[in-house]
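Step one of this worksheet: look at the structure below.
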Amino acid sequence: MSGFACRHSLPKSQNLDLRTMAGQKVRTRFAPSPTGYLHVGGLRTALYNYLFAKRMNGDFVIRIEDTDQSRRVEDAEKNLISTLEWAGIIADESPIHGGNYGPYVQSQRLSIYRDYCTRLLEDKNAYYCFSTSEELEENRQLQLKQALQPKYNRKWLPEEMGGNMPESEIKKKLDEGAPYVVRMKVPDYISVWFEDMIRGPIEFDSATIDDQVLMKSDGFPTYHFASVIDDHLMEFTHIIRGEEWLPSMPKHLLLYEFFGWEPPKFAHLPLLLNPDRSKLSKRQGDVAVEDYMRKGYSNEAIVNFVALLGWNEGEGSEQEVFSMDELISKFSLERVGKAGAVFNVEKLSWLEKQYIKTRPIEKIVEGIKPVLQAKLAEFSPEMSVERISSDDYLGKVVELMRERVNFEHEFVTFSSYFFFEPESYEAEAVAKRWTPEVPALIQEFAELLEASDDFTAENIEAQLKAFVAPKGLKPAVLIHPLRIAASGVSFGPSLYHMLEVLGKEAVLRRIRRAIERIEAPVA
RNA sequence: GGCCCCAUCGACUAGUGGUUAGGUCAUCACCCUUUCAAGGUGGUAGCACGGGUUCGAAUCCCGUUGGGGUCACCA
């Protein structure tokens with residue numbers, strides 16, 4: 001067999017991640033194209049790159065791959081970076097943070113790619129191709145019809161590189177200024193091999209690889225070309241990216257070989273999947289991190305959740321909730337699985353609840369205050385704004401509601417009766433609980449409350465029980481109507497605590513109002 | 001279709017030759033209970049299949065099946 005075998009191997013080590021690379025600082029990157037929003041799969045890729053870099057005391061950088069002008073979206077780059085920062089993923093180097101390896105935007109590195117392309121051309125590892133897209137398409141159809149592998153037919157491969165095109169023809173086209181692309185010349189029958197940090201050894205046969213376009217006719221490089229050059233020049237030690245890049249590995253490896261560069265280590269992450277196990281896509285639900293932000297998921301929950309999709313601590317660990325710092329200290333590529341993972345929103349929601357239950361009250365108050373204040377301005381509240389927008393009052397509401405809320409914003413929506421009088425009374429609950437004897441009963445109890453100075457949960461409870469017992473009634477006959485009168489709904493926190501927080505004045509007013517407004521069901 | 005990757009409960013996963021196959025979400029039942037939650041207890045549910053290797057395979061090898069990715073002047 002002629003040609004060269006291109007073999008890049010990594011020693012198989014138990015501690016692949018932790019092996020310090022001969023004094024070399026670990027550098028990883030996230031290289032999105034600015035086509036709009038941040039995909040949750042992209043978030044996970046960025047996260048793993050970040051975690052790995054930080055775990056190894058290395059640097060994490062963001063590079064923007066905008067070599068496709070037609071797909072450029074305004075502000076996408078800024079959004080991408082700010083969404084990552086929201087998630088707690090802060091780059092050491094990026095277009096906006098700067099760094100010593102810039103520019104970090106590929107469209108600003110065009111001359112670099114041109115220079116390296118010239119080198120490839122000179123070394124006869126690449127060649128000009130003047131085939132039009134129509135020709136290529138025609139060729140593709142023809143091959144498809146013959147059940148052949150659609151592949152470039154090497155029409156413009158020069159004679160001196162083993163093709164059929166005379167040098168003179170190429171020169172003529174060039175002189176005419178005809179549009180062209182530059183293609184890499186893939187050696188015919190060699191084996192390209194590497195060791196993936198997650199998947200182990202993988203081998204490809206060069207015969208199945210197309211002569212990939214390196215430079216497009218608009219003078220921009222293709223992804224394959226630009227990323228290899230940048231990954232080398234920016235001195236990344238580890239390339240951690242999605243599994244969808246696995247099939248283009250041989251092209252990339254060949255480029256490293258052409259340039260005589262030592263390739264970095266590669267780790268191809270399993271894909272994030274739709275419920276039907278296809279690649280996570282927009283069609284089957286939300287895929288943008290922004291979508292989840294909008295729904296009210298917190299950065300903590302999303303990061304935690306996405307981290308667990310493909311990675312686990314192992315060794316019998318049963319921990320489900322991880323902070324970013326814990327993730328950094330525990331993450332390792334060895335513990336990343338090979339199989340795709342379905343993005344299961346239910347578990348995300350469960351995680352969100354876990355965070356709501358443990359988040360410091362002050363922090364929640366701080367988060368809901370602006371929303372609440374806007375609402376208070378819009379509708380006039382029942383009680384004094386000073387009181388109900390005080391940290392003290394809000395803290396009490398949060399304390400009562402935190403175990404019954406799914407998102408932080410629900411503290412405002414589910415708790416509206418802590419700020420506004422109920423506008424209506426839940427019909428079903430009224431039908432079931434507001435029996436004909438209730439108005440008189442509740443009226444009598446209200447008078448009792450009014451006469452008392454101690455409006456605490458304990459005392460209200462004691463009063464209610466003492467009130468109801470001699471009548472031979474169960475507390476429930478009063479508890480439910482009181483809840484309806486005070487909140488208008490049948491679900492909520494502990495009644496006594498709810499009443500205490502609402503305060504005597506508001507509670508009495510609401511009871512009176514309920515008696516007036518609720519029609520007792522006909523017995 | 002070619003090439004490549006993958007395969008433990010419905011979902012996320014632990015497991016690296018000997019386990020009653022463990023945990024979490026979801027689900028079901030019960031308990032707690034003034035509602036709704038939360039919490040507690042328990043249950044249903046899984047090694048895709050077939051061959052090997054071995055005293056012994058979820059674990060190692062091969063094949064089959066299934067799923068996915070990728071085959072652009074998109075990334």
Every protein N/O within reach of nucleotides 70-73 of chain B N/O, cut-off under 3.5 Å:
residue, atom, partner, partner atom, Å
B:rU70, OP1, A:K279, NZ, 2.8
B:rA72, OP2, A:R140, NH1, 3.1
B:rC73, O2, A:S217, N, 2.8
B:rC73, O2, A:S217, OG, 2.7
B:rC73, N3, A:S217, OG, 3.0
B:rC73, N4, A:S131, O, 3.4

Nearest-Å distance for atom pair CD/C1', residues A:E403 and B:rU35: 15 Å
A:F220 CZ to B:rA75 P, straight-line distance once rounded to whole Å: 10 Å
What are the residues of residues 414-425 of chain A, sorted by number, that bring a heavy atom to within less than 4.0 Å of RNA chain B? none
Can you list, in residue-number order, the parts of residues 344-353 of chain A that come under 4.0 Å of RNA chain B, counting heavy atoms only? A:N344, A:E346, A:K347, A:W350, A:K353
Give every pair of a protein N or O atom and an N or O atom of nucleotides 31-33 of chain B that lie under 3.5 Å apart, one pair per line with the distance.
none

Using a 4.0 Å cut-off on protein heavy atoms (strictly under), produce a 5'-to-3' string for nucleotides 59-67 of chain B with B for base contact, S for backbone-only sugar-phosphate contact, and - for none. ---------
Distance test, side-chain N/O of [X] to OP1/OP2 of [N], below 4.0 Å:
X      : N      : answer
A:R335 : B:rG15 : yes
A:S227 : B:rA75 : no
A:K357 : B:rG39 : yes

Looking across every strand, which nucleic acid part, if any, lies under 4.0 Å from [X] by heavy atom: base, sugar-phosphate, or nothing?
X      : result
A:A476 : nothing
A:P275 : nothing
A:Y496 : base
A:G310 : sugar-phosphate

Quick one: which of [options] gets closest to the side chain of [X]?
X      : options                : answer
A:R71  : B:rA75, B:rG15, B:rG39 : B:rA75
A:I202 : B:rC5, B:rA75, B:rC3   : B:rC5
A:A341 : B:rU34, B:rU24, B:rC12 : B:rC12

The single option from A:V507, A:T456, A:L400, A:N459 passing side chain to side chain contact (heavy atoms under 4.5 Å, CB included) against A:E500: A:T456
Provide a list of protein-nucleic acid N or O atom pairs under 3.5 angstrom, restricted to nucleotides 44-49 of chain B.
none

Measure centre to centre between the rings of A:F305 and A:W350, then say whether the value is under 6.0 Å. no
Between A:F225 and A:F220, is the ring centroid distance below 6.0 Å? no
5′-ward residue of the pair A:R433/A:W311 relative to RNA chain B: A:W311
When you check the side-chain N and O atoms of A:S281 and A:N274, is any donor under 3.5 Å from an acceptor? yes
Counting only Watson-Crick or G-U wobble pairs whose two distances fall under 3.5 Å, which nucleotide matches B:rG10? B:rC25
Examine distances only and state if a side-chain atom of A:S415 and a backbone atom of A:F418 form a donor-acceptor pair shorter than 3.5 Å. no
Regarding A:K295 and A:E352, does a basic nitrogen lie under 4.0 Å from an acidic carboxylate oxygen? no
